[in-house]
Amino acid sequence: MSHFKMPENFELTGGKPAILLLHAYSGSTADVRLLAGALNRAGYFVTSFNFAGHGTLNPTDILTQGSIAAWQKQVTDRVAELKKRFRQQSLCLRTLTRRYFRMDLLERDQELLGGGVFSSPIFMNTEKTGRTLPAGFKKYAQYVLNLNNELTGADKQNELDYIDEHLNNQIEQINEFSALVQAKLATINQPIFIGQGGEDEIVDQNGAYKLRDALVNCENVTFKWYENASHVITTNTAKKRLNK
């Protein structure tokens, strides 16, 4: 096995409220470590976990182990655990892809103090994402397969072939769930943070404005535009500005 350090679930102890950070589709807890550290230094309890199928060197795990239902259950269970543990509301900040899960949770749970999204795909330009999401996933798959020394060349090709066959089906399920979340955005009234990179290569940047405008019952929406930043603003050129 490669000496690559696999990303792990983590908790950074601190005060209240608790902050739950969620990573992107095909991402891992490594993507939110810097932000978690900044929030923890500010005094918050911060935690994150890997979504089912993520954080491994077998990219098809996302397709075979992951699903909308599995990921949604992970989020719901973790929030319930935090609320019981802290005996009060938990502040849930969403970063990277599970933006739709973050907003879905806020739609369903009015006890939460607030939330947020980074590089949100809730309002998607399907013409763009129809190209960029599969391409981005396949680039990620090739990267992690190159790190996996336990698989033969034939095994790796089988992984890539499986992705070619099944990836679009999962992306379609994500799109359908995102549309359901989009339809209920007006039910959210908690404070929301929206962060968007101006040079996002994955999602339509204008979707961030559409999301802001759809939150018609939110009196406190913080909107941050990071010029020249690409998709993953927690680790790219926007990270210092974001972590302030």
Side-chain angles (χ1 to χ4, degrees), residues 1-9 22-32 49-75 94-102 104 117-182 197 199-207 230-236:
M1 177 64 68
S2 165
H3 293 297
F4 175 75
K5 182 174 174 56
M6 303 304 296
E8 299 176 344
N9 301 347
L22 304 179
H23 66 75
Y25 184 60
S26 78
S28 72
T29 56
D31 297 330
V32 298
F49 61 84
N50 288 308
F51 279 100
H54 292 70
T56 80
L57 293 182
N58 295 83
T60 55
D61 288 347
I62 294 175
L63 304 178
T64 59
Q65 300 175 21
S67 67
I68 292 294
W71 298 326
Q72 188 177 35
K73 185 177 187 303
Q74 283 182 279
V75 173
R94 164 70 178 93
T95 71
L96 305 173
T97 240
R98 302 309 194 277
R99 294 106 183 151
Y100 30 78
F101 287 122
R102 178 59 51 241
D104 169 66
V117 296
F118 298 164
S119 308
S120 173
I122 293 175
F123 286 89
M124 289 191 286
N125 178 335
T126 54
E127 181 179 353
K128 178 178 181 179
T129 56
R131 292 178 282 106
T132 58
L133 286 181
F137 189 97
K138 291 174 184 179
K139 182 178 180 180
Y140 146 80
Q142 190 64 67
Y143 171 75
V144 295
L145 286 173
N146 287 340
L147 295 173
N148 192 334
N149 297 325
E150 292 189 347
L151 297 181
T152 65
D155 291 333
K156 293 178 181 181
Q157 187 57 54
N158 287 338
E159 290 264 320
L160 295 173
D161 291 343
Y162 187 92
I163 290 169
D164 283 337
E165 183 176 354
H166 297 279
L167 176 60
N168 285 340
N169 180 57
Q170 189 168 80
I171 290 176
E172 181 58 32
Q173 293 174 20
I174 291 171
N175 291 343
E176 291 174 358
F177 183 72
S178 184
L180 294 175
V181 173
Q182 185 183 130
E199 299 295 331
D200 196 318
E201 74 282 13
I202 301 295
V203 304
D204 180 13
Q205 301 94 312
N206 293 323
S230 56
H231 184 61
V232 187
I233 61 177
T234 54
T235 60
N236 64 28

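Everything numeric here is computed off the predicted structure, so don't read it as measured data.
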Legend entry - Ser28 versus Gly55, closest heavy-atom pair with distance: CB-CA, 4.2 Å
Legend entry - Over all atoms of both residues, closest heavy-atom pair of Glu159 and Pro59: OE1-CD, 3.3 Å
Inset, instruction - Check side-chain contact (heavy atoms from CB on, under 4.5 Å) between Gln173 and all other residues, then give those that pass, not counting sequence neighbours. - result: Ile68, Asn169
Inset, instruction - Report yes or no: do Glu199 and Ser230 form a side-chain donor-acceptor pair below 3.5 Å? - result: no
Legend entry - Within-4.5 Å side-chain heavy-atom neighbours: Tyr25 and Ile62: yes
Inset, instruction - Kindly give the heavy-atom pair with the smallest separation between Lys138 and Leu167, and that separation in Å. - result: CE-CD2, 4.3 Å
Legend entry - Reported CG-to-CD distance for the pair Leu57 and Glu150, which is rounded to 0.5 angstrom: 8.5 Å
Inset, instruction - Scan side-chain atoms only and decide if Asp31 and His23 contain a donor-acceptor pair under the 3.5 Å cut-off. - result: no
Inset, instruction - Using side-chain hydrogen bond (donor to acceptor under 3.5 Å, both in side chains) as the criterion, list what pairs up with Thr64, not counting sequence neighbours. - result: none
Legend entry - With sequence neighbours excluded, residues passing side-chain contact (heavy atoms from CB on, under 4.5 Å) with Glu8: Lys5
Legend entry - Non-hydrogen side-chain atoms of Ile163 and Thr60 separated by less than 4.5 Å: yes
Inset, instruction - Not counting sequence neighbours, which residues clear ring pair (Phe, Tyr, Trp, His ring centres under 6.0 Å) with Phe49? List them please. - result: Phe51
Inset, instruction - Compare all side-chain heavy atoms of Leu145 with those of Asn58 and state whether any distance is below 4.5 angstrom. - result: no
Legend entry - Near-ring test Tyr140/Phe137, centroid separation under 6.0 angstrom: yes
Inset, instruction - Drop me the distance from His231's NE2 to Ser119's OG, to the nearest 0.5 angstrom. - result: 5.0 Å
Inset, instruction - Could you list the residues that satisfy side-chain hydrogen bond (donor to acceptor under 3.5 Å, both in side chains) with Gln157, not counting sequence neighbours? - result: Asp161
Inset, instruction - Any chance you could measure Ser67, atom OG, to Phe177, atom CZ, to the nearest 0.5 Å? - result: 11.0 Å
Inset, instruction - Indicate yes or no for a side-chain donor-acceptor contact from Trp71 to the backbone of Ala52 under 3.5 Å, with no hydrogens or angles considered. - result: yes
Inset, instruction - May I ask you to check whether Ser178 and Asn175 show a side-chain donor-acceptor distance below 3.5 Å? - result: no
Legend entry - Close side-chain approach of Glu176 and Glu172, heavy atoms under 4.5 Å: yes
Inset, instruction - Kindly write out the residues that satisfy side-chain hydrogen bond (donor to acceptor under 3.5 Å, both in side chains) with Asn9, not counting sequence neighbours, or none if the list is empty. - result: none
Legend entry - Asn50: which of Thr29, Leu22, Thr56 passes side chain to side chain contact (heavy atoms under 4.5 Å, CB included): Thr29
Inset, instruction - Specify the closest pair of heavy atoms between Asn146 and Lys156, including all atoms of both residues, with the distance to one decimal. - result: CA-NZ, 4.3 Å
